[in-house]
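In what follows, a single structure is set out as structure tokens and then discussed.
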There are 2 protein chains.
Amino acid sequence: MTGDADFDLTTFLPYLLNQAAERLSLEFQQTYKVKYGMLRTEWRVLFHLGRYGEMTAKQICDRAGLHKTKVSRAVTALEKKRFLIRSEMAGDRRHSALALTKSGRAAFEDLCRDAQAFDAQIRASLPDGEAQLLERGLMRLAGLAQD
Amino acid sequence: MTGDADFDLTTFLPYLLNQAAERLSLEFQQTYKVKYGMLRTEWRVLFHLGRYGEMTAKQICDRAGLHKTKVSRAVTALEKKRFLIRSEMAGDRRHSALALTKSGRAAFEDLCRDAQAFDAQIRASLPDGEAQLLERGLMRLAGLAQD
DNA sequence: GCGTATTAGTTGAAAATGTAACTAACAACC
DNA sequence: GGTTGTTAGTTACATTTTCAACTAATACGC
């Protein structure tokens, strides 16, 4: 009849990926949303600064694969929450270095613990060794693999 | 220093999942966006009706895990494009059966071919057997597994 | 140095999403 | 048969995201 009776959504990788990603994101979102009133992009920016240290908005865009307007707004929001400060860079005043404040760092460390616990819980819910496999495959698909 | 130096974003499953999902979705999105000016939710609704046959909005919500307002708007949009028609159900006038029109079906079949090709291409880009593993793991995480 | 191009980042309007309140139809209980 | 509760779906409003235009600073060509 349709000629597509064999093509199921649940085997279409983009769909599967989305369902899984949405499910986990939504769940973890609760943590930073409730605790700190953060949006996903804010959490990502916070994480990048906390994990990889001081950097410019552009560098965050590149590393995180986020659009510059999203980052710009997240930075403004985090600044308003006093989680980060900008400092002009001598030599090139177009961009500024972003760094976490003390409370920004505290929030980062707190959320990191939650994230680690969440991640561990997910991994524990999978059969032995599957998490590793999944991780490898996802890195490839995300374009983060070393190939 | 931070105590979290070992916790890398690239091993945090929700993040990885998101990166991979976004990447693939964005790429495939081009297809239905350019060809038919459809949004992701519209494509999903179209797909459900094409693949599983006539059903109500509620059934689509449940099967696709979409919120009813999203579905409602997607249905309106698809109706405007003349890709589907509603027919009142005798006996219960609260819900109506949704069915693809001829051109709706044609769009579905066309996009299905594209989707299958896209999926095949992704799978081919992965090492032997990895796609299967990935699929299994994702189904579990997405909560679609039979466990 | 001066005009042009590029780059970092911001802003504003339009599109999309999420939340909650709403309408309409049915069900159930008495 | 009327009151109350539930279900399907829509609408209205606030929040987010996206897109395009913009500013400001630097780099380049000559």
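Proteins get letters first, then strands, A, B, ... in listed order; numbering begins at 1 in each.
Toward the 5′ end of DNA chain C lies the nearest nucleotide of A:Ser96, the other residue of the pair A:Ser96 and A:Arg73 mapping further downstream. Both A:Met89 and A:Leu39 sit near DNA chain D, but only A:Leu39 has its closest nucleotide nearer the 5' end.
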Is there any protein nitrogen or oxygen under 3.5 Å from a nitrogen or oxygen in nucleotides 20-23 of chain C, and what are the pairs?
none

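Put simply, CZ on B:Phe83 and CG on B:Leu98 are 15.0 Å apart, with the number rounded to the nearest 0.5 Å.
Side-chain atoms of A:Arg63 never come within 3.5 Å of backbone atoms of A:His48 as a donor-acceptor pair (strictly under, hydrogens ignored). One N or O on the side chain of A:Asp119 and one on the backbone of B:Leu13 form a donor-acceptor pair closer than 3.5 Å.
Atom CZ of B:Arg94 is separated from atom P of D:dA8 by 6 Å (rounded to the nearest Å). Straight-line distance from the CD atom of B:Glu88 to the P atom of C:dA24: 14 Å, rounded to whole Å. The distance from atom CG of B:Asp92 to atom P of D:dA8 is 9 Å, rounded to the nearest whole Å. The separation between B:Lys33 atom NZ and D:dC19 atom C1' is 10 Å, rounded to whole Å. Straight-line distance from the CG atom of B:Leu26 to the P atom of D:dT17: 15 Å, rounded to whole Å. Note: CZ (A:Arg93) to P (D:dT23) measures 18 Å, nearest angstrom. Distance NZ (A:Lys70) to C1' (D:dT18): 9 Å, rounded to an integer number of Å. Atom pair B:Met55:CE and D:dA8:C1' shows a separation of 16 Å (rounding to whole Å applied).
Ring planes of B:Trp43 and A:Phe12: perpendicular class, angle over 60° (limits at 30 and 60°).
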Chi angles and distances behind the side-chain hydrogen bond (donor to acceptor under 3.5 Å, both in side chains) call for B:Ser25, B:Arg40: CA-CA 9 Å; B:Ser25 286; B:Arg40 182 148 48 168; 3.1 Å; yes
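Residue contacts shown for A:Arg40 are absent, as no nucleic acid heavy atom lies under 4.0 Å away.
Between A:Arg86 and C:dT10, a side-chain N or O to OP1/OP2 separation shorter than 4.0 Å is present. The shortest distance between the side-chain N/O atoms of A:Lys58 and the OP1/OP2 oxygens of C:dT7 is not below 4.0 Å. Between A:Ser72 and C:dG9 there is no side-chain N or O to OP1 or OP2 distance below 4.0 Å.
Aromatic ring centroids of B:Phe108 and B:Tyr36 lie 6.0 Å or more apart. Separation of the B:Tyr15 and A:Phe28 ring centroids does not fall under the 6.0 Å cut-off.
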